[in-house]
Every structure is written in structure tokens, then in C-alpha cells.
Amino acid sequence: MLHNIRVVLVQTYHPGNIGASARAMKTMGLTDLVLVNPRQFPDPEASRLAAGAEDLVDQARLVASLEEAVADCVQVVGASARLRSLPLPHFDEPDAMAGELVTHAVHDPVALVFGRERFGLTNDEIRCCSHQVSIPANPDYGILNLAQAVQVLAYEVFKAWRRRPGSGYRPPRPAGERQPTREQLAHFHDHLSRVMQASGFLTQPHARTEAQLQALFARARPSRRELSLLRGLLGSLEK
């Protein structure tokens with residue numbers, strides 16, 4: 001689905017903003033970058049500011065017009081800081097836009113369009129879009145850098161995608177934070193019981209004490225790494 005979501009940059013002035021936008025895209029799983037008449041591209045500054053997303057910069061497609069960039073798209077959302085009088089549907093909230101865009105992207109290409117750094121999209125370019133979206137910001141100073149705007153809207157799209165049933169998204173977790181299996185917990189409690197009895201803490205089986213300790217560790221929810229540390233402590237005490 002994310003492969004169907006295209007980011008279109010129109011006549012970007014600074015090549016570094018292309019690289020920074022590619023980086024913003026890649027962090028949110030977007031890979032389809034189209035450039036409409038950039039002032040200077042290719043350029044080493046674009047690759048430098050991509051910072052790990054050079055592959056998106058290298059694969060970016062160059063086209064001569066916005067019409068060409070979005071010809072196969074079923075929904076085209078133009079990002080605009082200024083309210084326009086054009087009779088296009090307007091999303092006041094990016095999350096509402098993202099939810100609809102992701103729904104269309106299940107089956108067909110869609111696009112997010114960003115204009116020039118200095119004055120954004122022209123009215124003629126807005127007419128190439130099916131919708132507009134604005135990013136709510138400080139009314140006294142609502143100016144976002146191009147790459148910042150790409151990052152905000154790309155994040156909203158990624159959030160809408162990962163919250164869909166069946167997205168399969170799982171946040172990465174360090175191995176040390178993974179929860180232990182029931183078998184690992186059972187071995188720990190058996191080990192703890194042996195040490196308590198060998199140390200004289202329990203002189204006879206005492207189900208209530210052991211149950212209370214099991215409840216204590218259930219509330220604490222030790223990770224696999226922490227459980228291994230406790231097993232090491234018990235092993236040391238046994239020696």
C-alpha cells in the first residue's frame with residue numbers, strides 16, 4: 001500500500017531540500033519520489049542531506065509537468081499553507097487526509113504534492129489536484145520548511161497505514177526488552193523455589209509464599225534480559 005503513495009516536489013529550488021525530503025519519506029516507509037522541473041538536480045547536496053535515503057534520491061523520477069507526475073493517480077492532495085478560493089475539497093486536519101489517502105492507495109496510486117520553497121503551488125497547479133490539505137500551525141508563524149512539511153504529512157500517512165487492520169506493523173523492540181516465554185518463567189520460578197528451600201528461607205513447601213512471589217514478578221514483568229540477570233543471581237547464591 002505504501003508503494004502506491006507518491007510524493008511530488010514541484011520546482012524545488014534548493015537541491016538539499018530534495019535530499020531532506022527523501023530522508024523524511026524513507027523514515028515513514030514511502031519510496032516513490034517524483035520531481036517536477038527541479039532547479040538543480042542531480043546534485044551532491046541532495047545526496048548529502050538524504051543521509052541514508054540516497055536510494056530514493058537516485059531512483060527519483062524527473063518529469064516536465066505536474067500533470068505528467070499525477071496522471072495515473074486517483075487522488076492528488078496538494079499541500080498549501082494558504083487557503084485558496086478554488087472550489088476543491090479541503091482537509092483541515094492532516095490525519096483525516098491521511099486516512100482517506102491510504103484507503104485509496106489500497107488499489108491505486110495516489111499523490112501528495114508540495115510546491116516551491118518560496119511560494120508553494122500556483123493556482124493552476126492546485127487545479128491539478130483533487131484535494132488540498134493544510135498543516136495546523138502557529139497562526140503568527142506557520143512557515144514550515146519543505147522537508148518539514150513532507151515529514152509531517154508522511155508521518156500522518158504512515159500512522160494511518162499502521163493503524164489499519166491487517167497492516168502487520170510491529171514496532172521494533174530491542175532483544176533485551178522482549179518478554180520471556182511461559183517456559184522461561186516456569187524455569188525461573190522453579191529455580192527460585194530451589195534456592196529458597198536450600199537457603200532455609202522456606203523450611204517446607206509453602207504454596208502461598210511462592211504464589212505471592214509469582215504474582216510479584218507477574219506485576220514486574222521482567223524482560224528476558226532481566227530474567228537472565230535474576231537467574232544468574234540465583235545461580236551465584238547456590239554456589
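Index from 1, following the sequence.
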Worksheet entry | Spatial distance of atom OH (Tyr13) from atom CZ (Arg39) [nearest 0.5 Å] | 4.0 Å

Practice prompt. Using modelled atom types only, decide if a donor and an acceptor are shared between the side chain of Ser134 and the backbone of Ser80 within a distance under 3.5 Å.
Written response: yes

Practice prompt. Might you point out which heavy atoms bring Pro136 and Glu93 nearest each other, and give the distance in Å?
Written response: CG-OE1, 3.8 Å

Discussion item. Hydrophobic clustering (ILVMFWY, side-chain heavy atoms < 4.5 Å, transitive) - are Leu216 and Leu230 grouped together?
Written reply: yes

Item to complete: Identify whether the distance between the nearest side-chain nitrogen and carboxylate oxygen of Arg48 and Asp43 falls below 4.0 Å.
Response: no

Worksheet item: Of all heavy-atom pairs between Val133 and His90, which one has the smallest distance, and what is that distance?
Response: C-NE2, 4.2 Å

Fill in: Interatomic distance, Ile135 atom CD1 to Glu156 atom CD [nearest 0.5 angstrom]
9.0 Å

Discussion item. For a side-chain contact (heavy atoms from CB on, under 4.5 Å) check, start with the C-alpha distance between Phe114 and Thr12, then their side-chain angles and the critical distance, and finish with the verdict.
Written reply: CA-CA 9 Å; Phe114 299 85; Thr12 309; over 6 Å; no

Worksheet item: Are any non-hydrogen side-chain atoms of Ser228 and Arg224 less than 4.5 angstrom apart?
Response: no

Fill in: Working for side-chain contact (heavy atoms from CB on, under 4.5 Å), residues Val77 and Val113
CA-CA 6 Å; Val77 181; Val113 180; over 6 Å; no

Worksheet item: Rounded to the nearest 0.5 Å, what separation is found between the OH atom of Tyr155 and the CG atom of Leu30?
Response: 13.5 Å

Worksheet item: Any donor-acceptor pair under 3.5 Å linking the side chain of Arg6 with the backbone of Ala69?
Response: yes

Worksheet entry | Point-to-point distance, once rounded to the nearest 0.5 Å, from CZ of Arg116 to CG of Leu146 | 11.5 Å

Item to complete: List the atom of Ser223, the atom of Pro180, and the distance in Å for their closest heavy-atom pair.
Response: C-CD, 4.0 Å

Worksheet item: Where is the tightest heavy-atom contact between Ala64 and Asn37, given as atom of each residue plus distance?
Response: O-ND2, 2.8 Å

Item to complete: For the residue pair Thr31 and Leu2, establish whether any side-chain heavy-atom pair is separated by less than 4.5 Å.
Response: no

Discussion item. So Lys159 and Arg163, do their side chains get closer than 4.5 Å, heavy atoms only?
Written reply: yes

Discussion item. Counting C-beta onward and ignoring hydrogens, is there a side-chain heavy-atom pair between Leu234 and Arg194 closer than 4.5 Å?
Written reply: no

Worksheet, complete the sentence: Note: Cys73 and Ala111 closest approach over all heavy atoms is SG-CB, 3.8 Å

Fill in: Chi angles and distances behind the side-chain hydrogen bond (donor to acceptor under 3.5 Å, both in side chains) call for Gln40, His14
CA-CA 7 Å; Gln40 189 173 336; His14 296 288; over 6 Å; no

Fill in: Student check: side-chain heavy atoms of Met97 and Leu112 closer than 4.5 Å
yes

Worksheet item: Are the side chains of His189 and Leu213 in touch, meaning some heavy atoms are under 4.5 Å apart?
Response: no

Could you tabulate the donor-acceptor pairs under 3.5 Å formed by side-chain atoms of residues 19-28, not counting sequence neighbours?
| residue | atom | partner | partner atom | Å |
| --- | --- | --- | --- | --- |
| Ser21 | OG | Asn17 | O | 2.7 |
| Lys26 | NZ | Gly52 | O | 3.1 |
| Lys26 | NZ | Asp55 | OD1 | 3.0 |
| Lys26 | NZ | Asp55 | OD2 | 3.2 |
| Thr27 | OG1 | Ala24 | O | 2.8 |
| Thr27 | OG1 | Gln151 | NE2 | 3.3 |

Response to the item:
Tracing side-chain contacts under 4.5 Å among Ile, Leu, Val, Met, Phe, Trp and Tyr outward from Leu229 reaches none

Worksheet item: Is any NZ, NE, NH1 or NH2 atom of the basic residue among Arg231 and Glu226 found under 4.0 Å from an Asp or Glu carboxylate oxygen of the other?
Response: no

Discussion item. With side-chain contact (heavy atoms from CB on, under 4.5 Å) as the criterion, how do Leu101 and His131 come out once you've worked through the C-alpha distance, each side chain's angles and the decisive distance to 0.1 Å?
Written reply: CA-CA 10 Å; Leu101 197 73; His131 297 74; over 6 Å; no

Discussion item. Would you say that Pro42 contacts Ser47 through its side chain, given a criterion of any heavy-atom pair below 4.5 Å between the two side chains?
Written reply: no

Item to complete: First locate atom CZ of Phe158, then atom CG of Leu153, and finally report the distance between them rounded to the nearest 0.5 Å.
Response: 15.5 Å

Worksheet item: Do the rings of Phe188 and Phe217 sit parallel, tilted or perpendicular, given the 30° and 60° boundaries?
Response: perpendicular

Fill in: Heavy-atom check, side chain of Asn123 versus side chain of Arg127, under 4.5 Å
yes

Worksheet item: If you round to the nearest 0.5 Å, how far is CG of Leu66 from CG of Leu121?
Response: 7.5 Å

Worksheet item: Given the rule that I, L, V, M, F, W and Y join up when any side-chain heavy atoms are under 4.5 Å apart, are Leu49 and Val7 in one cluster?
Response: no

